[in-house]
Structure formats: C-alpha cells, structure tokens
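Note that the structure is predicted; figures quoted are calculated from it, not measured.
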Amino acid sequence: MTGGGQGIGAAIVSRLLTSGYVVSLDMSPGPAADPRVRVVTGDAADPAVAERAADVASSLAPLHGWVNNAAVFRDAWLHSAPPLEVVSLIERNLAPAVVGCAVAVRRLAAGGSIVNVSSHQASRAVRGALPYATAKAAIEGLTRAVAVDYGPRGLRANAVALGSIATERYAAFLTHSPDAARIEAEMAALHPVGRVGEPAEVADAVAYLLSASFVNGVTLPVDGGRSARGADPESSGSP
C-alpha cells in the first residue's frame, strides 16, 4: 500500500486490516497505530523502496494485494511552465504507479490483485490541473494494460476514479479559502449525492476490487455521481 500515511491511504490501511497484515509505504508515514501495520519509509517511485515493502509483506504472509495510492498535488500551465517541468510533474504522479505495478506483477501470489487510485480528472479535466489530469489518465491506461498482460497469470488490475474526498488536504483548502461556505456548497453540488466523499468510502471500494475475482481492467468511479454531471464550478483561473 503506497501513500498510506494519511487521508485516503490511512483509511485504506485501516479497512484492509480486517483481512490481515498491511504494509504502508509513505514518504512520511508516521508511527503505526496497529501492530498489524508495518511501516516502510521512502519514495514509492524508487524500485528499491517498493521491493523493500514487498519483502516486508512477504515475510508476514503471501502477498495477495497491492494498492498504488501515492500522489503529488502540484500543477502547472503549459503557457508559463517549461515543457520538461510539466513532464516531470506528470512523472511524479505516474512513476509510483508504474513502479508499484512492476513490483506487484513479479511478487504477487496467484490470484493477486492491484488497485490503482485515479481521479475523475482522468476523463474530465479541471482547468489548471493539466499534469495531474494527464498522469491520472495514464494510470487508467496502465491499469487496463496490466489487466490484459497479466490476467493470464491469474493477476488482476483495477482502478478507482475518485471525486472530491474530505481529506486533511480538503479541510486545509477550506480553512484557507476566504469564502469557504460558498466553496463547500459548490463542491457538494458537484456530486449528485449532495456531498463530498469520505475516505472510508474509498477504502470500501478498494477492498471490494481487491477481492472481486472476476473484475479486471475496470476503472470504478467512486465520486458520488460527479462524473455523470455537466458543468464543473471547481474550474478556476484562466491562462
């Protein structure tokens, strides 16, 4: 499990503890709150670090699942940022998923499952977030390709495409916004269920995909219906 130190990742770790041990890989994971959690500190884009996490997991039990959740939230405009800077930002979100999948397909036991965490932006971009949207679209393509390439080995790969989720980052965004009440109302209106999601709801979807033995190559929207809507008032700014 990459990016397991806080927010959505921490919720996934907590949910997966119902099935046994969990290894959490994060740049700043913090202490494990449960003795069944093993913490590995490092960059999920580093193959050596990902292999170390797999070693820790395999020392506890056969490795059956791998979740790629690590993400970087920094964006740029094409008209103002050097192109290679944009490519680097895309890579910072894509590389951990590629590395995680590469380690997983070599190390998972038969019947194993990979879940990649994507975003509604993969298919419906928000202005000003080009590197993030591009990386997430690539992660969904990666998911389908891994499903096709390694399904014959008994391995599955799926993704969850998230809407807005009430993480620490979301709370900080509202705290530092001068018109938080209006923004919160607009964010709720983006989702037909009338609210943003909770990390535990994402965790439930990830746990389902890890165990759904005949689901492969799917990107499951976990967005309260956001991807089914039209105009997106989250868009802000202009080039």
Side-chain angles (χ1 to χ4, degrees), residues 2-9 25-29 41-47 49-50 67-102 116-146 159-180 182-184 186-187 189-191 196-197 199 202 219 221-223 226-227 229-239:
T2 70
Q6 61 180 338
I8 292 167
L25 191 168
D26 202 295
M27 292 289 285
S28 302
T41 303
D43 186 351
D46 183 339
V49 173
V67 181
N68 289 309
N69 173 65
V72 175
F73 299 98
R74 185 184 158 210
D75 288 297
W77 294 91
L78 279 178
H79 73 279
S80 57
L84 291 184
E85 179 182 327
V86 176
V87 171
S88 177
L89 289 172
I90 294 168
E91 182 182 8
R92 288 178 67 184
N93 271 306
L94 178 58
V98 174
V99 169
C101 285
N116 295 320
V117 176
S118 182
S119 165
H120 66 96
Q121 291 194 46
S123 57
R124 197 162 155 274
V126 170
R127 297 191 75 205
L130 183 149
Y132 183 78
T134 303
K136 290 303 186 181
I139 286 171
E140 292 188 6
L142 170 70
T143 301
R144 291 187 290 272
V146 171
V160 288
L162 308 185
S164 297
I165 307 297
T167 60
E168 297 94 334
R169 179 173 173 271
Y170 178 76
F173 167 69
L174 291 177
T175 298
H176 293 96
S177 297
D179 196 2
R182 178 188 60 79
I183 292 172
E184 192 166 15
E186 287 184 348
M187 294 296 285
L190 288 173
H191 304 80
V196 300
V202 177
T219 295
V222 184
D223 63 1
R226 178 170 181 166
S227 58
R229 285 190 61 88
D232 194 335
E234 187 186 8
S235 297
S236 61
S238 61

Of all heavy-atom pairs between T2 and A70, which one has the smallest distance, and what is that distance? OG1-N, 3.1 Å
S119: which residues meet the side chain to side chain donor-acceptor pair (under 3.5 Å) condition with it, sequence neighbours left out? none
How far does SG of C101 sit from CG of L142, to the nearest 0.5 angstrom? 4.5 Å
Check ion pair D179-R182 (N to O, under 4.0 angstrom): yes
Residue list, side-chain contact (heavy atoms from CB on, under 4.5 Å) with A137, at least two apart or on another chain: A122
Suppose the criterion is side-chain hydrogen bond (donor to acceptor under 3.5 Å, both in side chains): which pairs have a residue in residues 128-141, not counting sequence neighbours? S118-E140
Looking at H191 and G197, would you say the former's side chain and the latter's main chain have a donor-acceptor pair under 3.5 Å? no
Any side-chain heavy-atom pair of P221 and D223 under 4.5 Å: yes
Between CG on residue D75 and CZ on residue R127, distance to nearest 0.5 Å: 13.5 Å
What distance separates N116 CG from I139 CD1, expressed to the nearest 0.5 Å? 6.5 Å
Given 3.5 Å as the limit, does a donor-acceptor pair link the side chain of T167 with the main chain of I8, or not? no
Salt bridge (Lys or Arg N to Asp or Glu O under 4.0 Å) involving R74 - partner list, sequence neighbours excluded: E85
Sequence-distant partners of L78, side-chain contact (heavy atoms from CB on, under 4.5 Å), two or more places apart: V86, L130
Whether the side chain of T175 engages the backbone of A171 through a donor-acceptor N/O pair (distance < 3.5 Å, no angle test) should be reported. yes
Is it the case that the side chain of D26 and the backbone of G4 share a donor-acceptor pair, with hydrogens and angles ignored and the cut-off at 3.5 Å? yes
Who passes side-chain contact (heavy atoms from CB on, under 4.5 Å) against T41, sequence neighbours left out? P29, V39
Are N93 and P131 packed together at the side-chain level, in the sense that at least one heavy-atom pair is separated by less than 4.5 angstrom? no
Within this structure, what is the CZ-CZ distance for the pair R226 and R124, rounded to the nearest 0.5 Å? 6.5 Å
Could you report the tightest heavy-atom contact between Q121 and A129, atom names first, then the distance? OE1-CB, 3.3 Å
Distance check, rounded to the nearest 0.5 Å: L25 atom CG versus N69 atom CG? 11.0 Å
Do you know the tightest heavy-atom contact between A166 and V196? CB-CG2, 4.0 Å
Over all heavy atoms of both residues, which pair between A76 and L89 is shortest? Give the atoms and the distance, please. CB-CD1, 3.8 Å
Could you report the tightest heavy-atom contact between N68 and G100, atom names first, then the distance? OD1-CA, 3.4 Å
